[in-house]
Amino acid sequence: MPLFEAKDLHLRFGDRVVLENISLAFEAGQLSGIMGPNGAGKTTCFNVLTGRYKPNRGQVLWQGDDITGKSPQDIARLGIARSFQLMNLFDEFTVFENIAIALPGTRRRGHDMIARAYADTALVDEAYSILEKVGLAGRADDEAKSLSYGARRALEIGVALACRPKLLFLDEPTAGLGSDGRARLADLILQLKGELTIVIIEHDMEFLFSLADEISVIHWGQVIACGAPAALKANPWVEASNLGRLN
Amino acid sequence: MAAARTVPSFTPAMLVTWILFATVPFWIERVGLYQYLGVEILIFALYALAYNLVLGHAGLPSFGHGAFFGIGAYAFGLAQSNVVPNLWVCLAVAAGAAAIAGAFVALFISHRRGIYYALMTIAFGQIFWFIAIKAHRITGGEDGLLKIERLPASLGITTFNLGSNIALYYFVLAVFAVVSFLLWRLVHSPFGRVVKAIKQNETRARFVGYDVWRYKAAVLVVSTTLSGLAGGLFAMAQTSAFPDVMSLHYSGYVVMMTLVGGGLVSFWGPVIGAVAFFLARDVIGSFTTGWMLWFGLSFVVLVLFKPEGIAGIFSGVMNGRDKIVPRPAAAPQSQAR
Amino acid sequence: MSLLNLLPHLLNGIALGLLFSLIALGFMLILGLMEQINLAHGSLFALGAYFAYAICGAKLPLPPDVLVAWAGVPLGLRFATAVVVAPILVAPFGIVLERLMRRTYGRDPLYGLLLTFGVAMVLEELIRVVWGTRDYMMPVPRDMSGGFIMLDLIWSTYRFWAAGMAVVAMGAVWFIVERTRFGAMVKAGAHDSEIVQALGIDLTRLRVWVFVLGTMLAAFAGVIMAPLWGIRPHMGVDAVVPAFLIIVLGGVGSFWGAALGGLLVGMVVGLSGAYASEWSMLSMYLLLIAVVTFRARGLFGKKSVLEA
Ligand SMILES: Nc1ncnc2c1ncn2[C@@H]1O[C@H](COP(=O)(O)OP(=O)(O)OP(=O)(O)O)[C@@H](O)[C@H]1O
Ligand SMILES: [Mg+2]
């Protein structure tokens, strides 16, 4: 049984069909990639998988349980985290607090109105360990909005990691990054790969093909091809839609 | 250890402020003002602090908060004559009634934010105000609920008579101290930080697993409860309760106090605002009947040029106030910038 | 109660509703293009009423002999002058307000709300300073006042005049919005200000004109409402709150939702007045909460900046 499965998802905005018959399956411990041209419906697909939109039809399964239509917070609590294509941070918080607020330990204490926040050293250490991971430990006390673009991207992933997910969705994590940033990000993802299941939407073929175990291609709201990177390169569909072009 | 740089909970400026507040009855008449003003200011300072929990900390623009203040005032008066004339019971009823009203409103509006939130709170505020005016048999309508007594504060061993304005002032000061301490704790508690996170980015808060609706509802209820408590104190101070405090105008005044003082950037901003509001009323008001005109104008100027309010003008003092950066137990290895 | 007995309440409600619609429409115009809530709309409405009173009552800051001569002019003519001139006199206030609001464009809409709230306070106080806190009655020309009997019931004549004038004004708005280039620009601007700018339309000027139009509508509504409601400093708040509710009820972004929302509110207030006149205004809020609880964006609303 796959860790996470989407069956036959269908979504319309008004009379505009954005997703039709999307079926995906992500195996535990694997790194899956999703690619496709602009406006293909990739982000929308993530939005359905993580509870932002309810599909008009179809099912989302988590470890075999039906979680279709659950709210984002319920899905997040199952251990499913995501990063956003357009950055979505707590801008006025420090980098530290962006991470700390997302930790399940903080969340479990969220109803406490009297104790001091982040007084628990174990929690603080946990936050710092995540900051280390994404390379932001040195900037813990800067405001999120004062960060450079690249650092914000890193924090975006950091916040998702702070949820301590079993499954991590990353929406175009390399967007706007230079080659340095990409290399560092690839390192981080390789490091995470052993620990959790990851799904990445990515336009950068080289990046994706070097990391992913399996790749799905979405076009016109449909999965038009799916397979291991090597197999995909040979796929006529992918060739035809001009997506398989590596450089 | 952690907490190398956490928020200081007591600063020299605050010490001075508390000393000032504690000595008010000794000098207020010498500067040409009167004892009751101190009571009024403190009650509204308490109210504005409670209100700012919603506006400043949660970013929810309630424009109908007067309703809860008023409900507290009526509940205090009604409890006195219908339940038991005991100060603590009556204050608890005042807070409780406002809490229930707040919870009711929260059911309808907690999924909203921004201007829709403002509109819905206006609608609910008007409803409560309207009921207060029309339910003549309960509230006395526009004539108000009269003959509310200043009940004595019994502390087991001794009992304080709160009949005089000075005694009442110290009682209100004590309540203010306790409540503002609790609010201070709340704002810096895990709950307070989550609320602050929701203010900045509701969507992300949801995606990291917070049930945003509940937090928004809870913060509104806490705020209305304390507003009701302030209202109860006000009924006691005025020895009566009137519907006017529930009107849109009065709801607007607390917004103005909070903003003018700097509630958006500072915990104590609303207190500054309440002081400024009443001083403007009495000081400008002694020169011209149109004091509200001048206060309104300064409000407009502040919104345009300095939305951070009076506290924001002294921003040097405020800098870094809201930064929470505990240090990890193991010193962090230096990291590439 | 028989249906016939309800009829006057219904008709009065419709008349009231048309006036509410008119207020709401000016409000909507500004909200639609600028995505700004103008809480001072009610104060502009009140100013219109006070100016009309000053014109009709010949209480203007003019030389005494001019005033005497003006007071000798028949009331009908003075009233007609007020209907036309008062909105023009109020327009500059709208222009100043728009200038102030420029600082809030692109910021959190809360600031626009707070700013206009402050301006509303200031205008209301200004009215108190100039005219005092007392109520005034607006004189109405003989031909428009009084009542008449129909179906064995007494009807107030002016109500019908007021409703008629509201309909004419709304018709004019409809014409401007739906049939002129200006209207097309406003609608395009409400939809996407970048496109409007790309087409070489001066958005700044467009905004000023929309504000002028909205302001004049508010003032016009104030003039024709004055004989019905009386004139007092807080009449602005009395008017802006229903206007608000109507907008939310009708749905933000929908011009005609505002018109329909106004009618609905008027009828509900009118009809509930038949059963419990004390509580009739309450029904309006309950209607709003009922509608908005089930239809988050009101009857005809689209997604808008207000949800941000
Ligand atoms: N809330 C919405 N309402 C209406 N249409 C939408 C909405 N969200 C997305 N769309 C449309 O759905 C289509 C898919 O958008 P989506 O953002 O999922 O594309 P994408 O594959 O992520 O593209 P990109 O590579 O540019 O990020 C787009 O045409 C977009 O305009
Ligand atoms: Mg996308």
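Throughout, a chain's letter reflects where its sequence line sits, starting with A, and its residues are numbered from 1.
Of the two parts of B:F295, neither the backbone nor the side chain holds a non-hydrogen atom closer than 4.5 Å to a non-hydrogen atom of chain C. Contact of C:L123 with chain B is not made at all, since no heavy-atom distance falls under 4.5 Å. In this structure, the portion of C:V129 lying under 4.5 Å from any heavy atom of chain B is its side chain and not its backbone. Residue C:L288 touches chain B through its side chain alone, counting heavy-atom pairs closer than 4.5 Å. Both the backbone and the side chain of C:V292 come within less than 4.5 Å of a heavy atom of chain B. Both the backbone and the side chain of B:L304 come within less than 4.5 Å of a heavy atom of chain C. Only the side chain of C:V237 comes within contact range of chain B, with at least one heavy atom under 4.5 Å from a heavy atom of that chain. Residue B:L264 touches chain C through its side chain alone, counting heavy-atom pairs closer than 4.5 Å.
Separating the OG atom in C:S283 from the CZ atom in B:F130 is a distance of 8.0 Å, to the nearest 0.5 Å. A distance of 11.0 Å separates CD1 in B:I133 from CG in C:L282, rounded to the nearest 0.5 Å. Note that CG of C:L115 is 11.5 Å distant from CG of B:L302, once rounded to the nearest 0.5 Å. To the nearest 0.5 Å, the span separating CG on C:L245 from CE on B:M120 amounts to 9.5 Å. Of the inter-residue distances, the one linking B:I127 atom CD1 with C:L286 atom CG reads 5.0 Å to the nearest 0.5 angstrom. Note that CE of B:M256 and CG of C:L114 are 10.0 Å apart. Values are rounded to the nearest 0.5 Å.
At most 12 heavy atoms of other shown residues, nucleotides or ligands fall within 6.0 angstrom of atom CH2 in B:W294. Atom CZ of B:R214 is surrounded by 12 or fewer heavy atoms from other residues, nucleotides or ligands within 6.0 Å.
Across B:G290, B:G296, B:P307, the residue that shares the most heavy-atom pairs under 4.5 angstrom with chain C is B:P307. When the candidates C:I289, C:V248, C:V241, C:L100 are compared by the number of heavy-atom contacts under 4.5 Å with chain B, C:I289 comes out ahead. Chain B forms the most heavy-atom pairs under 4.5 Å with one residue out of C:W279, C:Y111, C:F244, C:F117, and that residue is C:W279. Contact count versus chain C (heavy atoms, under 4.5 Å) is highest, among B:K134, B:H111, B:M292, for B:K134.
By the 4.5 Å heavy-atom criterion applied to side chains, B:H249 and C:E124 are counted as neighbours. Side-chain contact between B:W291 and C:E125 is absent, with no heavy-atom pair separated by less than 4.5 Å.
Nearest heavy-atom pair across B:V300 and C:G118 is CG2-C, 3.6 Å.
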Inset, instruction - Any chance you could lay out the side chain to side chain contact (heavy atoms under 4.5 Å, CB included) test for B:F299 and C:V122, step after step, and finish with the verdict? - result: CA-CA 9 Å; B:F299 175 76; C:V122 168; over 6 Å; no

